Structure formats: C-alpha cells, structure tokens
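Input: a single structure, listed below in structure tokens.
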Amino acid sequence: MTNVTPTILSTVSSQFVDDWLAALRALCPEAQMAALLSRSGLNADTRSPNGRVTLDQIVCLYQLAAVETGDEMMGLWSRPVRPRALQHLLTTVREATSLSSALYRFSTFWNLLLDDYQFVLDDAEGALVLTLKPQGEVPLQRFGHMLILKLAHGLMSWLAGHEVPVKAVDFAFDRPDFDQDYAIIFPAPLRFGQPATAIAFDPNVMGPVQTRSTADLDRFLQNAPRDWIFTSSREHTQSLRVRTYLGQTGWDSATLTQTASAMHMTPRTLIRRLHSDGTSFQAIKDALRRDIAIRDLQAGRKSVEAIALDVGFSSAANFHRAFQRWTGSTPSSYRRTNI
C-alpha cells in the first residue's frame, strides 16, 4: 500500500454542500450555475444522495464562484461579502501580536460586514470562545457556519505557523445524518443543537504570531480555501489517528488488533474510544478505502482491478459491490463521469 495523506484524501457527503449549492442557485442564473458545477467536476453522480465530494472539487467551486458572483461568501450571508474582503481580513489580523488579539480582530472585522450575525469573543472557564450570535430570526446556514468558523481556525493556524488545536466546536443546527464529515473539518469534540455556533480554543496555546510577509498573504489567498478548510491535524481525535495509521500501513496489517497494538491499547479500549468519536474501526477503514479509490478513479491511470487490489479487496467483484454501497455508483460509471 502506498503511503497517503489521509485527511487530504478525505471526501465529504454531497449533502454536506447542499445548502451551499442552494445559496449559489439563488445568486446565479441556471446556465451559470450549471457551468460552475460542470467546471468544478460536480456532476450528477457526485450530487446523488450517496455521492462524495472531494477537496479539489470544493476548492475549485469556491474559487470560481467567489469571483463570478462578486460575493466571497457566495450567498451564505444576507449581505454580499465584496471582492478583496478576505485580503483585507488577512492584512488586519497579521498586524496582531498574539493569536488571541488576532481572533479579536477577526471578530470585529466580520461584525462590520455581517448584518444577520455578530461575533462575540469571551474568555471564560479556561477557554477562549468565539461565538456566532444571530441578530433576530435569521436563516441557519450549515455550510456558512462551518466555513466561517473554519476560516477563523485557518487564520489562527496560518499566523501560528502550525495547526492550532481546537478545544471544542458547537453548532446551532441539529446533528445531520452526515455528521462524520464535520470531524474531517474540525478535529475536536463536536456538539450539535446548541444555543449558538461557536469555536473554543485553549488560551494556553494562543501564543505569539509569526511574521507574515505580503508573499505569504498572497499564497494564502491563491490557495483559499485549500489550506484551511480540511484539517491536517492528527492530534485531537482517536478516529483521525486511526485513519493516519491505516493510511501508512499495508492492508494486511490493517486489523483492529494490530491497530490497537500500534496505539498501545487493547482492542476493547480502541473500540470504546472510537465509539466516543461517533464512529467504528470498520467505518474508518471503509472511508479510507473509498477515498483512495475515488482519487485513483479520477486520476484515470489504474484499472479498476488494480485499484481493487490497492485498497485491500481480494476481487474486483467485491470492490464493485463495496464502492456502489459507498457512493451509489459503480467504479466504471464513476470514472466515466469524473475524468
């Protein structure tokens, strides 16, 4: 098995981006929307109930839509976020002398732009908490709430020079069926159905910032949102540590017993810890297999039979059945519509 970077390979459910696409449809004529989806590789199979969306597809759609709609948040908030807003935000936060002061600058910047929500920054009970508070009865946009919290986390990590640990994340919306997708975005304890959407940091890790040049700023903007929407952390949840291990070992070693031993615990303890993350060993293993297969099918350089062997299946027939269960599409059909 070839070593992979598990999180970069991660995909999310098509449902994860549904309300983002709905916001875009409200901004774009039908022909423009169809063109954006086509150019981003978001075809009908990808958008089916069992479809999967890759990081590359999210990045491509974001970069196209932010420019072509003239709204850098693409209809996710009641007031359009005009071009160059993100550039001005980076210019503002990079002048901070600490991560906590940068987070305060982040909150005040967005409070000038948003009408429907306002940020409140509190230091209480051993946590620095950034809370997104609605201003009256306003729509609750799951993708928008995720994206703006992840932008806060991404900016703190960019300023620190490493991924800043997240203590906890709360969402005001109810737990969706695709709740495991949020663990890919935020490697931290997640709660749904809370009074307000919020992200919490340990004040002890909110130290000084690194000096960031104009060239650094330009690279951040050019890559947005690639460098900050999916986590690269391996420290915060057991499930991400398991996924990392499986991505770096052979499938013959990818058993519960050997994984638990590599992590210096019993299989029973590993099962219990994964359960507390809301997942299981087999679910993590299957998700990694699925995401490697999606990457290789899109690349188009390997046969379906070779991909089946690469992801640990003894036969192409077994792989076909599993892939259709994971995505609602056969491997051959997926390849035809995604290359």
Side-chain angles (χ1 to χ4, degrees), residues 1-18 20-21 24-25 30-65 143 177-178 180-181 183-185 223 225-226 229-230 232 243-244 246-252 254 282-339:
M1 179 180 175
T2 302
N3 281 5
V4 297
T5 305
T7 302
I8 297 303
L9 274 174
S10 297
T11 64
V12 293
S13 163
S14 61
Q15 299 170 76
F16 184 79
V17 300
D18 273 351
W20 179 26
L21 299 185
L24 270 177
R25 287 190 182 94
E30 186 175 343
Q32 183 187 20
M33 185 67 189
L36 285 171
L37 294 176
S38 176
R39 290 153 63 199
S40 304
L42 290 165
N43 52 56
D45 279 354
T46 304
R47 303 195 310 275
S48 68
N50 291 326
R52 306 297 302 180
V53 179
T54 67
L55 172 61
D56 284 343
Q57 289 167 330
I58 289 175
V59 170
C60 185
L61 181 58
Y62 176 97
Q63 292 180 345
L64 291 171
F143 195 88
D177 293 338
F178 48 92
Q180 279 300 306
D181 291 341
I184 295 170
I185 309 298
N223 291 336
R226 181 178 300 278
I229 194 167
F230 278 31
S232 60
R243 185 177 167 107
T244 300
L246 295 178
Q248 296 171 345
T249 191
W251 291 116
D252 56 346
Q282 191 61 49
I284 295 168
K285 184 175 177 178
D286 283 346
L288 179 59
R289 287 168 142 180
R290 176 200 64 213
D291 293 344
I292 293 171
I294 285 174
R295 177 200 62 184
D296 290 346
L297 287 168
Q298 289 180 338
R301 291 187 291 270
K302 296 181 181 178
S303 67
V304 171
E305 290 73 19
I307 294 171
L309 291 174
D310 284 350
V311 296
F313 285 89
S314 58
S315 72
N318 288 340
F319 171 61
H320 272 256
R321 285 191 291 271
F323 192 83
Q324 190 155 18
R325 185 176 70 251
W326 296 333
T327 67
S329 177
T330 66
S332 298
S333 173
Y334 191 92
R335 166 170 278 165
R336 283 195 301 272
T337 56
N338 285 275
I339 292 182

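Quantities reported herein were computed from a predicted structural model and do not represent experimental measurements.
Between P331 and L297, the shortest heavy-atom contact is O-CD2, 3.8 Å. The minimum heavy-atom distance between S14 and D18, with the atom names listed, is O-OD1, 3.2 Å. Counting all heavy atoms, side chain and backbone alike, A316 lies closest to A308 at CA-CB, 4.0 Å. A pairwise comparison of heavy atoms in L288 and G247 identifies CD2-N, 3.5 Å as the closest pair. When all heavy atoms are compared, the tightest approach of V17 to F143 is CG1-CE1, 3.9 Å.
In this structure, the separation between NZ on K302 and CG on L309 is 10.0 Å, given to the nearest 0.5 Å. From L64, atom CG reaches atom CZ of R39 across 4.5 Å, with rounding to the nearest 0.5 Å. Taking CG from D310 and CG from D296, the interatomic distance works out to 6.5 Å, rounded to the nearest 0.5 Å. Atom-to-atom distance recorded for I294:CD1 and F323:CZ is 5.0 Å, nearest 0.5 angstrom. Residue R52 holds its CZ atom at 5.5 Å from OG of S13, rounded to the nearest 0.5 Å. Between R243 atom CZ and K285 atom NZ the span is 14.0 Å, to the nearest 0.5 Å.
Listed by chain and number, the residues in a side chain to side chain contact (heavy atoms under 4.5 Å, CB included) with E30 amount to none (sequence neighbours excluded). In this structure Y62 satisfies the ring pair (Phe, Tyr, Trp, His ring centres under 6.0 Å) test with no other residue, sequence neighbours excluded. The side chain to side chain contact (heavy atoms under 4.5 Å, CB included) search around D286 returns Q282, R289, R325, W326, not counting sequence neighbours. Among residues two or more places apart in sequence or in another chain, the side chain to side chain contact (heavy atoms under 4.5 Å, CB included) test is passed with S332 by V304, H320, T330, R336. With sequence neighbours left out, Q63 forms a side chain to side chain contact (heavy atoms under 4.5 Å, CB included) with V59. Taking the salt bridge (charged side-chain N to carboxylate O under 4.0 Å, His left out) definition, one finds that R321 meets it with nothing, sequence neighbours left out.
Proximity of a side-chain donor or acceptor of S40 to a complementary backbone N or O of L36 within less than 3.5 Å is detected. A distance-only check finds a donor-acceptor pair linking the side chain of Q57 to the backbone of G41 [under 3.5 Å].
For the pair L37 and L21, the minimum side-chain heavy-atom distance is below 4.5 Å. Taking 4.5 Å as the limit, every side-chain heavy atom of V53 sits out of range of all side-chain heavy atoms of L61.
T11 pairs in a side chain to side chain donor-acceptor pair (under 3.5 Å) with only one of the listed residues (T54, D56, D291), which is D291.
Relative orientation of the F178 and F16 rings is perpendicular, given thresholds of 30° and 60° on the angle between their planes.
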